[in-house]
Each structure stands twice: as C-alpha cells, then as structure tokens.
Student: 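The structure's right below; bear with me while I get my questions together.
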Amino acid sequence: MNFFGHFPGTRHRRLRTHDWMRDMVQETRLHPSDLILPLFIRLPESPADIASMPGVRRWTIAELPQIIEQTIDAGIPAIGLFPFTPQELKTADGMEALNPENLICQAIRAIKEMTPELGIIADVALDPYTSHGHDGVWNGKYIDNDVSLDQLAKQSLVQADAGADIIAPSDMMDGRVGAIRKALDANHFQDRAILSYAAKYASAFYGPFREAVGAVKLPGQDGRPVGDKKTYQMNPANAEEALREAALDLQEGADMVMVKPGLPYLDIIARIRQTFSVPVFAYQVSGEYSMIKAAAAQGWIHEQDAMEESLIALKRAGTTGIFTYAALEVAKRLRNF
Ligand code: PBG
C-alpha cells in the first residue's frame, strides 16, 4: 500500500489545526451581500407582533426608516416586501393587489424616496389580498390559472410603477412569467428584472408566514376545507419537475430563479445551479426560521450558530443569495468579525 494518499501519510485533521488554517481553506463564505431581508408591512391599526416568528414584526410605513437604515448599514443589498392587508379589503379576486395606493406600493415609494440605493423585491401573488387565502383567483370551484395571469400581470405593473426593481412571482400559476414579462415590456419597464419562484413546493414550513400576512384559512375543492396549495405548488417528492419548472420560467423571461423552502431542498438548488447558468436564490422560509428560534429558546441549540450553519449550507449547495428573516442579525454578526 502507498504511503501517500492513505493514512498515516494523509491526515485530514492537519488542515483543521488552527482557526487561521480552517479559515484559509474554507470553501464557501457567507457575506452580508448574500442576504435579502423580507419585511412585513402593516397599517398603524394592525398588530405589530407575529407570535409564531420571534424577532420578526410588522412595520408601519412611518416606522420603516428605523429598519431600512439598519439594513443599509449592515450591507444587505435588497429587501422583499409583504403586506398585512386588513380583512375588509380582501376579495375572491384579490383586487386590492392592483390598488396603486395599497400598502406595498406605498411602502415601495417611501423606501425609494428614502434610500434609492436599496434594492426592492416585490412579491407577486394574490394570497395577502384574497378572501380565501389562495395565490390566484378562486372561481368557486378551483383556482383559475388563466384569469389569475391577467391579475398577476397587472399587480406587477402596479408594483413596477411604484418603483420595485425586481418582480418576484411566488404564485406558481403556469405562464405567469411570460405574462408578466410581456406586460412589463409593453409598459416601458423592460429594465425591471424577474426573479421567479420557479421551484416552490407545497410546504408545511410556510405556516408562520401565513400568520404574518394574515392569510385566510384555505378552502378546498368544492368548498371542502383542505387547507393547502397542492394544485399549483409542487409536490415535495419531485425533483425532475423542478428542472422543468425552471426551464419554462427561464424560457418565458425570468432573469433569476428561486427554490423554496431552502434547507429541505438543497438537492434542488444544486441541480438547478448545475443545469442552468443563472443566479439561483433560496428562501429560508418562516417555518425554517421559527424552528431554529423555538429550539434555541428552549436552550436546545445555539441560535446564531444554527442559523449561520443553515445559511452557509444553502450557499454551499449553490445559491447566489438567500432570503432570510434573520438577515439583519446574521449580517451584523458577520460584520463584527
Ligand atoms: C405566497 C407566499 C408564501 C411565502 C412567500 N410567498 C406562502 C405560501 O405560499 O403560502 C412563504 C414564505 C415563508 O414561509 O416565509 N405567495
């Protein structure tokens, strides 16, 4: 047997001897510019706290300067915005999404006025605005794909007009990227990018987010309460389908794609990254965030280490950037080192 290439000639622990050495041979790094902070926006009369998401709150437009300033100082390049819409504004077709004075549009304008250098990513989907909690238009029996497309394209225009830099459709209707690209280009918004949630799974990890945006409990087919989005979001068991989803979105004009949730779907991130040469984002979703917070609150895991390990794993798998509710705390910690 050869001495080299085998123990004892080869000892992997040699390169793990010192802090500086481990640092020197580190393959992947997390940087504040990798992080995107999602923010929830509310009216002054709506509650700020989100019980299922410790450390996350809803912000009024007047309160935004506090958090935006910290975000810029931490070196975070962009934020994502989600509204907490009052119940009385919710309808079956989610018309409030098209109101140029809705919470999101007001927030976009306020932030752009304050800090034009901060990127704004606007989520496109109807669930924060619908009386049934679905991402598309409910016709009484099912989510009508093609009727929803029209609504989503208009929602994109309203957000682009308010100043959103990146339009991020999270609705999972077929054909929405093409419909949005066409609408944007026809209205002189050819410079606005599309980040499509290409592989978005029907996940149990979205629970806390639905509380955060006050989404209504989901009705099912024939009015049966099934409470899921399985007719449009992907089956967690499928990987090949994620490649088909990404391919179609890119063909329709997506500039970047997203995989969501994050940590349970590292294989999907890696395969999309290897198959297509476009930026790939991951969303560490609310349930992933809250699990870490909850376990840490019990003293069962180290909160910051667990959070950073999750995020570096997403980078190692091939992500270009990560949406995380912990963006600010993680970026601040990275800056202090
Ligand atoms: C809905 C949307 C969801 C999230 C982002 N956009 C929830 C859903 O699909 O029900 C989830 C984000 C999270 O859980 O943090 N368009």
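As the structure is a prediction and not an experimental result, all values here were calculated from the model. Counting starts at 1 for both ligands and their atoms, in listed order.
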Student: Report the member of Phe209, Tyr197, Tyr283, Tyr201 with the shortest heavy-atom distance to atom 3 (C) of ligand 1.
Tutor: Phe209
Student: Within ligand 1, which atoms have a heavy atom of Asp127 less than 4.0 Å away?
Tutor: 1 (C), 2 (C), 16 (N)
Student: Report the nearest protein non-hydrogen atom to atom 8 (C) of ligand 1: residue, atom name, distance rounded to 0.1 Å.
Tutor: Lys229 NZ, 3.2 Å
Student: Think Arg22 forms a cation-pi with Trp20, using NZ or CZ under 6.0 Å from the six-ring centre and within 45 degrees of its axis?
Tutor: no
Student: In terms of atom number and element, which parts of ligand 1 are under 4.0 angstrom from non-hydrogen atoms of Gln233?
Tutor: 8 (C), 9 (O)
Student: Are there more than 12 heavy atoms of other residues, nucleotides or ligands under 6.0 Å from atom CD of Glu309?
Tutor: no
Student: Between Asp174 and Tyr232, do the side chains contain an N or O donor and an N or O acceptor separated by less than 3.5 Å?
Tutor: no
Student: Can you list the atoms of ligand 1 that are under 4.0 Å from a heavy atom of Asp135?
Tutor: 1 (C), 16 (N)
Student: Name the closest protein heavy atom to atom 14 (O) of ligand 1, giving the residue it belongs to and the distance to 0.1 Å.
Tutor: Ser286 OG, 2.7 Å
Student: Is there a donor-acceptor contact under 3.5 Å linking the side chains of Arg176 and Ser148?
Tutor: no
Student: Could you tell me which atoms of ligand 1, counted from 1 in the order shown, lie closer than 4.0 angstrom to a heavy atom of Ala125?
Tutor: 16 (N)
Student: Measure the distance from atom 16 (N) of ligand 1 to every protein heavy atom, then report the residue, atom name and distance (to 0.1 Å) of the closest one.
Tutor: Ser170 OG, 2.7 Å
Student: Hey, are Asp305 and Arg333 close enough for a salt bridge, meaning a charged N less than 4.0 Å from a carboxylate O?
Tutor: yes
Student: I'd like to know whether CD of Glu88 has more than 12 heavy-atom contacts from other residues, nucleotides or ligands below 6.0 angstrom.
Tutor: yes
Student: Starting from atom 5 (C) of ligand 1, find the nearest protein heavy-atom neighbour and note its residue, name and distance.
Tutor: Lys260 NZ, 2.4 Å
Student: Considering the heavy atoms of Tyr325, write down every atom of ligand 1 situated less than 4.0 Å from one of them.
Tutor: 12 (C), 13 (C), 15 (O)
Student: Tell me which protein heavy atom sits closest to atom 2 (C) of ligand 1, plus the residue, atom name and distance to 0.1 Å.
Tutor: Lys200 NZ, 3.1 Å
Student: Pick from Phe40, Phe209, Phe82: which one makes a ring-ring contact (aromatic ring centres under 6.0 Å, His included) with Tyr325?
Tutor: Phe40
Student: Would you say Gln284 contacts ligand 1, with heavy atoms under 4.0 Å as the rule?
Tutor: no
Student: Please determine if Arg335 and Glu329 form a salt bridge, counting it only when a charged side-chain N lies under 4.0 Å from a carboxylate O.
Tutor: no
